[in-house]
Amino acid sequence: MSTLKPKFLKPETDDAITDSAGHEEAAATSFVFNTNHNLGLQEQRERLPIRKYRDQILYCLEHHQVLILVGETGSGKSTQVPQYLYEWGWHTKGLIGITEPRRVATLTLANRVAEERGELIGATVGYVVRFMERFTAETHIKFMTEGILLRELLADPLLTQYGVIIVDEAHERNMLTDLLLGLLKKILRKRSNLKLIISSATIDASFFAEFFSWPGADQPISIKLTIEGRMHEVNHYYVNEPCADYVRETVETAWKLHQREPPGDILAFLTGQDEVLEARDLLQEYIASTETANLKVLPMYGSMSSTDQLSVFFTAPKGMRKVVLATNIAETSLTIPGIVYVIDSGYVKLKCFNPSTCSDSLVIVPVSKASAIQRAGRAGRLRPGKIFHLYTRQDYDALAPRQPPELRRSELSAAVLQLKALGIKNILRFDFPSPPPAKNLLAALELLYALNALDVDGELTQPVGYLLAELPFSAMLSKMLFVSGQLGCAEEIITIIAMLQVQSVFSRPASAAAQQMGRIAHRHFEVAEGDLVTLLNVHSAFVEAGMTKEFCGQYYLIYRNLKRACELREQLLNLIRRKYGIAIFSCKGDVELLCKCITAGFFTQVAYLHHSGVYRQISSGVELAIHPNSTLYTLPAAKYIVYGELLQTTKLFMNQVTVIRQEWLTELAPHYYQQTTVRD
DNA sequence: GAGCACTGC
């Protein structure tokens, strides 16, 4: 093997991985902790801790169908194992496929492996993600996102092209990971020549081993990879008595720490913005009560503007200690330098699907052991650190090992469509790694039946069911798009869908004055029909103004998200033109037609105005409120509205609200509404 | 009058 170190990214490949978002992500989830950076690439490979497991991995794969690789991120397994397999000749038995949960990691890993091999990407090593691929006839090592492999299953249900599949980061237990693992189990039973490698954190290894055991099969084998010198030691401290108010306790602990401990910054984990700001104010009071104010308090949460977020990354002035009060954003998403002490409140906010109202609840729950360990790790990056858990040692021992996997707490219509499209007849009996509650599955089946995607026997319908299974949006959005093709306004509906796929385009500044200015600016786009048509207006105005940053500044819009929506819109238009027979016409300003399309997608989520002045869910009579972020919050209440999502916090709040007429319900969804009498 | 954090086809 050569040890040359050329730079071989094609220009377009380079583009793909050097967009700014990509770099942040690559830095955050970096898989190299590289003390050998001045050595040749092959020499570096030889020195990786994983190298000494190579023969063992290859031997085990010869003798077992399933191999579970245990080792935290940083062991080099994502880049090395595919190469070991290739060098040993596994590629002669089919493709070596590696699935990743995220796009950026997919591109980064593929590029890294190609570079180590001294090749161009798209030769032996390639990747496929949505809208982008470097994959040729010579490619033997294929990195891809999980969604891509799931889509490939539709065309090739036994994955006959593949000889080995590596599911990377399986411990994250995303919805797609779990679907994939369930389906791979079925395939392994039919294809004894297919091998599966699951890369997992320690905590889940035995779980996966058990899931992939069945009568007559050889038992999965686990290999534990050790990683050297990654972290400093962190000492754990617990409270003796449970504390009544963890926000106050956080503040007091931070203050005591500051008095007693040698220099080093403090990071505290709370559950939400309110708590972070409350803790900040309390801590400021402590500081104000002393003469030496050598403590700098910094809040950190998701809805802060990116410039405000930046301030936590600066070192505190000389002689000062920094205290960062953060939500879960600091647990995995970003790494704050200089942290030596961590305070763990013991709680986290978690989103959970509630099938009885088809809403999501945002609830405060105790953290899992995995989270507590992750939080502790934040103290050991610089030098040996300390973590202070605001709960007792007994409470720690009683914590759940991990948070329930996403599939168990999510709306499942997309998952059900996918499984149905793969010919799984009885979804309730499908072998999920962790089966979701039956009620959640039934809610999804009922919704899909109402949308006419499933027939009475639970089979996908033609064309609606198959279309909804194929389109990369939620079932309701896809149905809306389907109807818009028939009614002649798909162009506008695609814009709305693209705008709904990105994070909010409305900027909400931190200061009260700026917030007020923002609200006034946003009125410019608001219409009485509601939030979805308002999004369409924002898009049109942005395009008309030449898609400039200045326009976004003037109207308090987030340029990055808006630009992304425009790109997505183009890609979706291409996709729909190319693959699906949806006619793309403009309604040319006929807003009523748009609202009808919206109704055709969201008719199961209707609220009517009760004479008492509150909204009620039409199906259940449950009381609902319009979310204060909605356009319709300040406008006179309409009699009937549809909503895009329902979130339970202090109340059941409706988001993405659109005004409709009652008669549209019987016109557009007669099968659903003919029997319903509206309570008034 | 209210906003845990992400990601994917």
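Since the model is a prediction, treat every value here as computed from it, not as a measurement. Throughout, a chain's letter reflects where its sequence line sits, starting with A, and its residues are numbered from 1.
- To the nearest angstrom, P of B:dC4 lies 16 Å from CD of A:Gln403.
- Picking from B:dG1, B:dC9, B:dG3 the nucleotide with the shortest atom distance to the side chain of A:Asp274 gives B:dG3.
- Taking only side-chain atoms of A:Arg151, from C-beta outward, the nucleotide of B:dG1, B:dC9, B:dG8 with the closest atom is B:dC9.
- Judged as a ring-ring contact (aromatic ring centres under 6.0 Å, His included), not a single pair has a partner in residues 404-424 of chain A (not counting sequence neighbours).
- Residues A:Pro472 and A:Asn328 both approach DNA chain B. Their nearest nucleotides, taken by heavy-atom distance, put A:Asn328 toward the 5′ side.
- In this structure, the nucleotide among B:dG3, B:dA5, B:dC9 sitting nearest to the side chain of A:His627 is B:dG3.
- Within the structure, salt bridge (Lys or Arg N to Asp or Glu O under 4.0 Å) contacts touching residues 501-528 of chain A (residues at least two apart or in different chains) do not occur.
- In this structure, the nucleotide among B:dC4, B:dC9, B:dG1 sitting nearest to the side chain of A:Thr327 is B:dC4.
- Listed candidates were B:dC4, B:dC9, B:dA2. Nearest to the side chain of A:Gln515 is B:dA2.
- Counting only N and O atoms by type, the side chains of A:Glu470 and A:Tyr580 include a donor and acceptor under 3.5 Å apart.
- For the pair A:Phe269 CZ and B:dA5 P, the interatomic distance rounds to 12 Å; values are reported in whole Å.
- By the 4.0 Å N-to-carboxylate-O rule, A:Glu275 lies too far from A:Lys349 to be salt-bridged with it.
- Residues satisfying the side-chain contact (heavy atoms from CB on, under 4.5 Å) criterion with A:Glu172, sequence neighbours excluded, are A:Pro101, A:Arg102, A:Glu169, A:Asn174.
- When heavy atoms are screened at a 4.0 angstrom cut-off, A:Arg103 is found touching the sugar-phosphate backbone but no base atom.
- For the pair A:Glu278 CD and B:dA2 P, the interatomic distance rounds to 16 Å; values are reported in whole Å.
- Under the side-chain contact (heavy atoms from CB on, under 4.5 Å) criterion, A:Leu176 pairs with A:Glu146, A:Leu150, A:Leu179, sequence neighbours left out.
- A:Leu150 comes within 4.0 angstrom of nothing in the nucleic acid, heavy atoms only.
- Straight-line distance from the CZ atom of A:Phe506 to the C1' atom of B:dA2: 16 Å, rounded to whole Å.
- Atom OH in A:Tyr301 sits about 16 Å away from atom P in B:dA2, given to the nearest Å.
- Counting to the nearest Å, the C1' atom of B:dC9 and the CG atom of A:Leu180 are 12 Å from each other.
- When the nucleotides B:dC9, B:dG3, B:dA5 are ranked by their closest atom to the side chain of A:Thr145, B:dC9 comes out on top.
- Counting to the nearest Å, the C1' atom of B:dA2 and the CG atom of A:Leu647 are 10 Å from each other.
- A:Met300 has its CE atom 9 Å from the P atom of B:dC6, to the nearest Å.
- Here A:Asn174 lies out of heavy-atom contact (under 4.0 Å) with every strand.
- The stretch residues 345-354 of chain A comes close to DNA chain B through A:Lys349, A:Lys351, each having a heavy atom under 4.0 Å from the strand.
- Every residue two or more places apart in sequence or in another chain was checked for a salt bridge (charged side-chain N to carboxylate O under 4.0 Å, His left out) with A:Arg378, and none qualifies.
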